[in-house]
Amino acid sequence: MDTYGKVFFQSDRWINFVESTALALQLNITLIDCNTDNFHKVTGTCPFCRSEFPGLTPKDLSTAKKNRENNLFEFVAERGVSAVIIPLHGNLSILACECSCKEQDGRLSLQERAGIARKLLTSFQISLNEGIEGGHKKIELSILRQMHHIVLTLFQEENKAVEHAFDLILSALVILLDAGGSWLTYKKPSEEPVLIVKGDRSLVEKYMNDQAVPAAVAEIKNGIVRGQLGVIAPGDQIRADYLLSLMVRECTIIFEVDRLFKFLHTQLNRVLGSVGNAILMVNRYGYTSYANKAAAKLLGRSAVNIIGRPVADITGPWTPFIKAKTKNIINGQMDPVNTDCGVRYIDWQVCPLMEEEKEKEDNEFIAGWLILAEDRTDYQKWQEAARQAERMAMTATMVGTLAHELRNPLSAAKGLLQLINRNREPEKIKGYTDLILRELDRVTNLLNEFLLLGRPADISSRPLDLAEFIKDLMPLFEDEAGTGTEIFMTAEEVPPVAADPGQLTQVLLNLVRNAIEAAGHKGRVVLNLQKVENRVAISVRDDGPGLSPDALDNLFQPFFTTKERGTGLGLPVTQAIIYNHNGQITAANHPEGGAVFTIILPVHPGSNKTGARIDVLIATANEMVRYPLQQALQAANINVISTPNLNDALAWSEILYPVIIILEQKDIFPHDLKQVQRVWPESTLLTIGKQGIFKDIQALPRPQDCSQLVSKIRFLLESQNYCH
Amino acid sequence: MARVLVIEDEPGITLVLKLALTDEGYEVIASSDGLSGLKQLEQEPAPDIVLVDLCLPVLSGRALINKMHSNPRWRNIPVVIITGSIPNSKDFPPSNTYRALIYKPFDLFKLLKTVKELTEEDHNSLNCRKVFYQQA
């Protein structure tokens with residue numbers, strides 16, 4: 001402890017070091033010896049505003065001492081500035097405060113800088129005290145490192161950094177080398193050489209003009225600025241050389257890297273900015289860290305509103321793969337993405353960016369993702385127009401074919417009627433009229449199926465959980481199968497698809513009927529549900545004779561049929577429906593026998609949770625409930641939407657988000673409730689009717705007086721708001 | 001009484017024709033595709049009149065009519081075309097190969113009348129080339 005006391009306050013080296021540190025850290029420092037109450041003010045003027053640092057009063061000193069005893073470090077000096085007391089070894093302290101001019105490089109706070117100062121100064125104390133060669137070296141290097149750190153973290157402006165770096169380098173050399181004095185010449189090209197002198201000036205001057213003194217020279221490359229640094233340290237030139245080169249090298253590299261990085265960043269932005277495809281980068285935490293111009297254009301938002309947000313904010317087809325932390329590159333074509341300008345169709349790719357960590361076992365982990373996307377909406381529109389034109393053309397030829405087909409049953413019916421007119425025998429008449437009726441039914445079926453083919457895409461699609469949907473249809477299928485044919489379903493976990501339930505039912509029924517007929521008595525029909533990349537595949541397989549080559553070619557042609565009583569329109573209609581859903585249907589022979597029909601449907605793009613929020617949605621056909629309740633709610637300033645048809649309401653799930661949904665028990669089945677809960681999982685469901693009919697759903701008695709119901713709803717709304 | 005060969009794949013129509021013609025006293029043989037129709041033609045005795053649809057499976061009506069016309073055995077058998085098609089030159093046999101062209105849905109009694117006229121006409125008469133038409 002005594003050694004410390006002796007050294008400091010007398011040692012030029014120490015004072016020099018403290019001075020340099022203070023300047024580098026933009027601190028006003030006062031050294032205090034807590035034993036003797038000696039203090040020494042180290043810096044005088046602020047390098048920025050050139051004004052005197054606020055002076056310290058005796059009161060400040062005693063406050064500082066007290067703080068130190070109590071292990072408190074921050075306080076306000078009498079002049080009103082923030083001050084920090086930094087304890088060093090041996091009952092020494094440093095009082096540091098900032099200049100009030102506040103023209104500081106504000107990256108590090110006063111406390112942080114004080115912390116750095118403490119580290120440097122205490123290391124130096126140890127080094128001075130030890131005086132061992134080995135010890136010296138270790139500490140030298142660590143001090144040098146700390147100086148780099150200061151230089152780099154504090155000063156991003158190149159010029160300042162260079163100057164301060166040199167100052168520090170020189171101070172370090174003077175101090176560490178036991179040099180009484182040293183000076184540094186720095187010559188920039190085409191400028192006058194700069195001379196920085198540290199330490200004992202008299203010693204320096206003695207050698208300054210002596211050209212024979214060896215100098216350590218190093219080049220500083222700092223991007224554009226190049227110069228030569230010459231250091232003369234008469235005490236120990238070899239060590240000076242070594243330390244200088246170390247210091248310069250490290251600073252240079254770091255400057256260079258910094259410059260390169262800035263350059264690359266600008267270049268990267270330029271390149272990515274000009275690329276036509278949308279590029280997004282997502283960091284490992286699922287936040288978007290970069291979006292180029294094309295991405296902003298695609299999403300209809302400025303880059304500022306994309307970057308820094310969770311990538312799940314954008315309902316894109318890549319989201320499930322990012323959530324699942326897939327390690328593969330996933331592609332998709334013509335998939336929808338919800339943007340602020342509506343739905344766009346994109347070809348996209350998501351690539352995980354892998355990082356290698358040598359210590360970890362599974363030595364690759366995902367550092368982030370790269371999402372690329374190309375807007376194909378125009379192409380989609382064009383495709384849709386082409387499909388429409390094709391459909392219309394198809395319709396035209398089909399009209400001809402249909403007319404031809406219709407003539408047959410009509411001809412038979414007409415002929416039979418004419419026979420009836422002539423023939424009065426009652427038994428024969430009954431026989432003829434039965435036949436006529438049958439033919440007329442045929443006409444009707446033909447027309448119905450034909451009309452379906454010609455109809456443009458008119459589907460009310462909503463997210464459909466296929467596993468549930470098909471399960472619900474199984475009784476119907478089993479009924480069709482009868483007791484002879486076995487029918488069952490296998491399914492894996494699949495995401496919901498966008499489909500019209502009515503039309504999908506028709507499709508599945510058609511395929512299952514065909515399969516049942518093919519499988520025959522004692523045959524088997526299997527329905528399978530599977531996820532294929534980012535789509536869902538439904539397949540219907542039978543163990544019948546399979547499809548002939550002729551059938552495989554002509555299956556989807558209108559009026560082609562292998563059945564005696566077939567209209568030949570079932571499969572073309574099925575195909576048209578699937579087509580309208582942006583899906584595909586294929587038929588093939590299964591390698592183990594029988595035929596398999598596979599439907600592929602795209603996954604539902606996902607509901608946009610940022611839909612318009614409304615307080616209450618009333619969906620009931622009962623006007624006696626709907627109207628009065630709606631009036632009452634509106635009078636209470638609660639925003640409400642009502643509809644007599646629940647299906648219509650479900651179709652609005654993309655754009656509406658009701659807090660409370662009111663349904664009438666009489667109108668709905670458990671299936672409907674499940675639908676509602678699936679589509680609006682966070683909404684509160686209320687039913688009007690008897691309690692206990694629907695498990696877990698609150699029931700309200702039929703309101704005699706709407707005001708009670710309204711206050712209950714208000715209460716619910718308020719408690720929701722409170723929670724959120 | 002005369003033999004009528006009906007070649008039609010639509011069973012409802014075949015039935016109507018069979019009933020009506022049988023009522024009139026004709027002997028009716030029916031085939032549901034072109035090839036079996038041809039086989040029937042080869043049987044003895046040959047039919048006195050052939051009622052044929054143009055859209056037939058296996059062998060088309062047109063092909064059958066051409067075969068009939070090119071075979072001296074059958075050339076003189078009157079052919080009545082009963083069809084749902086709109087005439088398209090490539091689908092139709094040449095006009096000298098048939099004696100009646102009737103569109104579906106047809107009037108049954110008019111058809112019976114045509115059959116009667118064609119089966120009763122004098123083969124050696126020069127009026128043999130009249131062709132009967134019936135619009136739908």
Side-chain angles (χ1 to χ4, degrees), chain A residues 396-447 450 548 550-551 553-554 557-568, chain B residues 4 6-26 28 30 32-33 51-58 60-62 80-92 100-116 134-136:
Chain A
T397 40
M398 292 250 313
V399 167
T401 324
L402 179 74
H404 182 272
E405 285 298 316
L406 283 174
R407 288 181 202 282
N408 283 336
L410 283 174
S411 193
K414 182 169 172 178
L416 287 164
L417 279 167
Q418 286 187 292
L419 279 176
I420 288 173
N421 274 340
R422 202 171 66 166
N423 190 324
R424 303 289 163 187
E425 288 172 67
E427 325 82 58
K428 276 203 181 151
I429 290 175
K430 176 80 175 38
Y432 295 168
T433 48
D434 281 343
L435 288 168
I436 293 166
L437 287 168
R438 201 182 66 191
E439 294 300 325
L440 290 175
D441 281 339
R442 249 183 81 199
V443 172
T444 315
N445 284 339
L446 274 167
L447 282 170
F450 175 78
S548 67
D550 186 37
D553 277 339
N554 292 314
Q557 294 296 341
F559 302 114
F560 175 87
T561 179
T562 54
K563 299 186 202 173
E564 267 193 39
R565 295 274 177 88
T567 56
Chain B
V4 182
V6 173
I7 312 174
E8 165 65 65
D9 69 332
E10 181 62 36
I13 297 175
T14 310
L15 179 64
V16 164
L17 291 171
K18 211 169 181 176
L19 288 168
L21 290 164
T22 315
D23 266 359
E24 295 295 305
Y26 294 96
V28 179
S32 59
D33 67 82
L51 271 55
V52 61
D53 184 1
L54 286 180
C55 285
L56 290 170
V58 190
S60 76
R62 178 173 185 230
V80 175
I81 295 178
I82 305 175
T83 184
S85 316
I86 299 159
N88 193 341
S89 55
K90 67 175 170 76
D91 290 333
F92 260 62
L101 176 58
I102 297 177
Y103 285 100
K104 294 180 195 172
F106 49 80
D107 181 315
L108 186 58
F109 302 127
K110 281 193 192 159
L111 175 71
L112 288 173
K113 211 166 140 225
T114 306
V115 169
K116 187 168 179 334
Q134 198 193 124
Q135 287 300 113

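Note: hydrogens, waters and symmetry copies are ignored here, and every other heavy atom, side chains too, is used. First the proteins, then the strands, lettered A, B, ... as listed; each starts at 1.
At a 4.5 Å heavy-atom cutoff, the contact between A:E439 and chain B is made by side-chain atoms alone. Of the two parts of B:L17, neither the backbone nor the side chain holds a non-hydrogen atom closer than 4.5 Å to a non-hydrogen atom of chain A. For chain B, the nearby part of A:L435 is the side chain; its heavy atoms alone come within less than 4.5 Å.
In this structure, A:D553 has no salt bridge (charged side-chain N to carboxylate O under 4.0 Å, His left out) partners at least two apart in sequence or on a different chain. Partners of A:N421 under the side-chain contact (heavy atoms from CB on, under 4.5 Å) rule, at least two apart in sequence or in another chain, do not exist in this structure.
Here the side chain of B:S60 pairs no donor or acceptor atom with the backbone of B:L56 at under 3.5 angstrom.
Counting all heavy atoms, side chain and backbone alike, B:K116 lies closest to B:Y26 at CA-OH, 3.3 Å.
Considering only heavy-atom pairs separated by less than 4.5 Å from chain B, the leading option among A:S411, A:P409, A:A413, A:A412 is A:S411.
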